[in-house]
Amino acid sequence: VRCPLRGVPRAAWICALVAILNAASWSIVTPPFQSPDETDHFAYVKQLAETGELPSSSSEQVSSEEVGVLVGLNALRVRLQPQVHTIASRSEQDALRKNLALASLGATPGSPAAGVAASQPPLYYALETIPYELARGSSELGRLQLMRLMSALFAGLTAMFVFLFVRETLPGVRWAWTVAGLAVALAPLLGFMSGSVNPDSLLFAISAAIFYTLARAFRRGLDWRTAAALGALTALGLLTKVNFLGLLPGVLLGLALLSVRAARSRGRAAYRLLALGVGVALSPVAVYVLSNLLAGHHTLGIVSSAAQHMHRSLLDEASYIWQLYLPRLPGMVGDFPGISTTRQLWFNGYVGLYGWLDTPFPAWAQTVALVPAAALVALCGRALVQGRALLRARAVELVVYAAMALGLMLLIGADSYAAFPATDAEYAQARYLLPLLALLGAALALAARGAGRRWGPIVGVLIVVLFVAHDVFSQLQTVARFYG
Amino acid sequence: MRGVKLALLGGLGAVAIALVLTLLGSPMSVARTNKVPGNETTIWTTTHGATYCQGHEVLPAGISAIRIWLDAAAGPRVNVVVSSRGHTIASGSRGSIWIGGSVTVPVKPLARAVDDVTVCAAFRLHDETIVVQGSSTPRSLAAYDGRQALDGRMGVEYLRTGTRSWLSLASEVARRMGLGREPAGTWVVLLALALLAGAIALSSRLLVEELT
């Protein structure tokens, strides 16, 4: 069997390496346990590595070892308090060492409680047990650093698959693939999330791989290998993070439409490909449902708890989800009075919100960022208008990508609505949209092409430099907040 | 293509200049605070809009921001007014969606310090909760909302631009970055810099190869 990575161009490998180096840099810049829910994700890995069992409680009472580290780092005071910095003196470092030594003396295996991570599927955590075990003999902090580097590898996969996705979707201009791959590799939010212990890092890589596989299938046709690959990637996505459920309808729609297209040449045999893809894709769900039934739990386990929030009016929920992303329409009850959700939640959140979402850029920087963003949107729009005939020819493929994006946004909206009004927008975090990085890569490639044949490469270079600047100043902002 | 190389050099040069200018700037430092370490407590919780004021404050000279210890999940717009003998002497506002245990509001610096000022922080709420952090005091000294006294004084910190630049603080910052981690040591900062520089160098080389 031919190795699927043999055909990967050298430029894609370099994009992957750039993403890994960038995420590794972020893994040093971000202090231990100062990224979203890292304490809980670490606890999950500890439980899995030391007991072989999944966490059984979503309580925040993590293991005494981890608590010892958190106390020694003053982590709970630093978190969400931008004016409080990390430990800064030799005596605090000595106290931390003592805490680490004491914690390891009275340690009990595992951590049955893993906070918000407890409800997540186990694939990412199972992979993270490898660095956890490799760092045996090291303290919790040493283990955490090695685990972060594992996440950084997933950033490399993400950048590589974005490069390959753009190569399939925009095959005409070779240099645009590099622009997309490098820009995504240097995206600070990808570096930040992949420089910490968080299943999002694997989810981004799997999502980018699915976008690539779908694009390849739309360009070259569905065969048994592509169908099996799509099914397997979908299964991996379902085993990585619950958020993947948002992409699932779009992926299944893609498989169905590709099968219908394949049926024109292969007849009914094409539907066997659909059965293969869907069968492989949904196998983890089948196992999950079966295990819940055998254990006497609700058929859909924790997913059913989300469904319980559906008792409110569907119209109200639709209105809320609309307003979570877009300006309120006439007739809608305002759920976010005085807030431009598009700009303040999503745009500013993408521009920069690091640490425990407590490290933003100053307001003037968020305003300045609107200028290059508007230029990119205008250039991308120009390219789309110029290529509208091609767009029509690829409408089916675009519908699939739109369905994936829409599904993810609906999931984030529905989850946020479940917590509303106690919390206005619980899950309105830009990182949750990063499974769509492949589409960002394509949009950036289009923006560069939108500048025309003569200026395109120059604009492409400037786009990458813009991402370099964004990344450098994001890391500086993080350094200033935690160590300044 | 020559234009690509020029764009790359010009772009990276501009980033380098911006970086140097940033490092020549100074971080904010606390010029004055009414916080008593170890005595911080929740003095009020509200789900409604309010204007909390407290007197007997001192506004130091050259203050460019005031930090009020309000805790919110996604904070509302906050307006801060500093008044002396009924006249506003400094004011500022901070837009909504701030996160954490305090909100920092930029104000225009005054050339001289002013004693016995009143600091007021006003906001409107919609389905949100604001927790006011501060220190317990007798009612006569406490912050107030109209006629209602809170359970103590709000934490207020007065910030001004420090005298030392980020560049001169670099070794101190690097030393701190080397603490609280494993492997520990200031050398990890050099490693982070090398990783980032490597990423930028590889990107530049690939751009030149593929786009020219």
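Fair warning: this is a prediction, and the values are worked out from it, not measured in the lab. Note on naming: letters A, B, ... go to the chains in the order of the sequence lines (proteins, then strands), and numbering restarts at 1 for each one. Excluded from the calculations below are hydrogen atoms, water molecules and symmetry mates; all remaining heavy atoms, backbone and side chain alike, are included.
The nearest pair of heavy atoms linking Ala176(A) to Val166(A) is O-CG1, 4.3 Å.
Heavy-atom pairs under 4.5 Å with chain A were tallied for Leu19(B), Leu195(B), Thr212(B); the largest tally goes to Leu195(B). Interface summary for chain B: among Gly181(A), Pro360(A), Pro82(A), Ala480(A), the most heavy-atom pairs under 4.5 angstrom belong to Ala480(A). Of the listed residues (Thr178(A), Asp358(A), Val84(A)), the one with the most heavy-atom contacts under 4.5 Å to chain B is Thr178(A). Contact count against chain A (heavy-atom pairs under 4.5 Å) is highest for Met177(B) among Met177(B), Arg205(B), Glu209(B). Ranked by heavy-atom pairs shorter than 4.5 Å toward chain B, the options Ala24(A), Ser139(A), Ala469(A) are led by Ser139(A). Between chain A and the residues Leu179(B), Ile99(B), Ile200(B), Val15(B), the largest count of heavy-atom pairs under 4.5 Å involves Leu179(B). Considering only heavy-atom pairs separated by less than 4.5 Å from chain B, the leading option among Pro31(A), Gly349(A), Ser138(A), Gly460(A) is Ser138(A). Most heavy-atom pairs under 4.5 Å with chain A, from the set Arg176(B), Arg94(B), Lys5(B), Arg67(B): that is Arg176(B). In terms of heavy-atom pairs under 4.5 angstrom with chain B, the leader among Asp424(A), Leu80(A), Leu21(A) is Leu21(A). Among the candidates Gln81(A), Arg90(A), Arg143(A), the residue making the largest number of heavy-atom pairs closer than 4.5 Å to chain B is Gln81(A). If you tally non-hydrogen atom pairs under 4.5 Å between each of Ser204(B), Gly180(B), Gly101(B) and chain A, the highest count goes to Gly180(B). When each of Pro27(B), Ala74(B), Gly95(B), Ser102(B) is checked for heavy-atom pairs under 4.5 Å with chain A, Ser102(B) comes out on top.
Taking the charged nitrogens against the carboxylate oxygens, Glu172(B) and Arg164(B) have no contact shorter than 4.0 Å, which rules out a salt bridge. A salt bridge does not link Arg32(B) with Glu157(B): none of the charged nitrogens is closer than 4.0 Å to a carboxylate oxygen. Salt-bridge formation is not detected for the pair Glu182(B)/Arg97(A): no Lys NZ or Arg NE/NH1/NH2 atom is positioned less than 4.0 Å from an Asp or Glu carboxylate oxygen. Taking a cutoff of 4.0 Å between a charged side-chain nitrogen and a carboxylate oxygen, Glu38(A) and Arg148(A) qualify as a salt bridge.
Looking at Ser93(B) and Arg77(B), their side chains do bring a donor and an acceptor atom within 3.5 Å of each other. For the residue pair Thr359(A) and Gln477(A), no side-chain donor N or O sits within less than 3.5 Å of a side-chain acceptor on the partner. Side-chain N/O atoms of Ser89(A) and Glu92(A) include a donor and acceptor closer than 3.5 Å. Side chains of Thr367(A) and Arg343(A): a donor on one and an acceptor on the other come within 3.5 Å. At a cut-off of 3.5 Å, with distance as the only test, no side-chain donor of Ser416(A) or Glu426(A) sits close to an acceptor on the other residue. When only modelled atom types and interatomic distance are considered, Glu40(B) and Ser135(B) share no side-chain donor-acceptor pair under 3.5 Å. A donor-acceptor pair shorter than 3.5 Å cannot be found between the side chains of Trp44(B) and Asp145(B). Side-chain contact check for Thr33(B) and Tyr158(B): no donor-acceptor pair (N or O, by modelled atom type) lies under 3.5 Å. For the residue pair Gln344(A) / Ser96(B), a side-chain donor-acceptor distance below 3.5 Å is found, with atom types taken as modelled.
Proximity to chain B is absent for every atom of Ile20(A), based on heavy atoms less than 4.5 angstrom apart. Of the two parts of Leu476(A), only the side chain, counted from C-beta on, holds a non-hydrogen atom closer than 4.5 Å to a non-hydrogen atom of chain B. For chain B, the nearby part of Val464(A) is the side chain; its heavy atoms alone come within less than 4.5 Å. Heavy atoms closer than 4.5 Å to chain B are found nowhere in Arg79(A), neither backbone nor side chain. In this structure, the portions of Ile87(A) lying under 4.5 Å from any heavy atom of chain B include both its backbone and its side chain. Both the backbone and the side chain of Gln83(A) come within less than 4.5 Å of a heavy atom in chain B. Of the atoms belonging to Ala184(B), it is side-chain heavy atoms, and not backbone ones, that fall under 4.5 Å from chain A. Using a 4.5 Å cut-off between heavy atoms, Leu73(A) contacts chain B through its side chain alone, with no backbone atom that close. Only the side chain of Leu186(A) comes within less than 4.5 Å of a heavy atom in chain B; its backbone stays farther off. If you measure heavy-atom distances from Ala363(A) to chain B, you find no contacts under 4.5 Å at all. Leu6(B) does not touch chain A: none of its heavy atoms, backbone or side chain, sits under 4.5 Å away. When heavy atoms are compared at a cutoff of 4.5 Å, Pro421(A) approaches chain B by way of both its backbone and its side chain. If you measure heavy-atom distances from Arg124(B) to chain A, you find no contacts under 4.5 Å at all. Using a 4.5 Å cut-off between heavy atoms, Trp98(B) does not touch chain A at all. With a threshold of 4.5 angstrom between heavy atoms, Val459(A) does not approach chain B through any atom at all. Thr22(B) touches chain A through its side chain: at least one heavy atom from C-beta onward sits under 4.5 Å away, while N, CA, C and O do not. For chain A, the nearby part of Glu128(B) is the side chain; its heavy atoms alone come within less than 4.5 Å. Of the two parts of Asn74(A), neither the backbone nor the side chain holds a non-hydrogen atom closer than 4.5 Å to a non-hydrogen atom of chain B. The contact between Arg175(B) and chain A is made entirely by side chain atoms (from C-beta outward), counting heavy-atom distances below 4.5 Å. Using a 4.5 Å cut-off between heavy atoms, Leu8(B) touches chain A through backbone and side chain atoms alike.
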### Query
For Asn99(A) and Glu140(A), what are the C-alpha separation, side-chain angles and deciding distance, and is it a side chain to side chain donor-acceptor pair (under 3.5 Å)?
CA-CA 11 Å; Asn99(A) 269 21; Glu140(A) 308 289 83; over 6 Å; no
### Message
Assess the residue pair Phe336(A) and Tyr320(A) against the criterion (ring pair (Phe, Tyr, Trp, His ring centres under 6.0 Å)); give the C-alpha distance rounded to whole Å, side-chain angles, the decisive distance to 0.1 Å, and a yes or no.
### Response
CA-CA 9 Å; Phe336(A) 304 95; Tyr320(A) 172 89; 5.3 Å; yes
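Within 6.0 Å of the CH2 atom in Trp166(B), the count of heavy atoms belonging to other residues, nucleotides or ligands exceeds 12.
Counting heavy atoms from C-beta outward, Met154(B) and Ile68(B) have side chains that approach closer than 4.5 Å.
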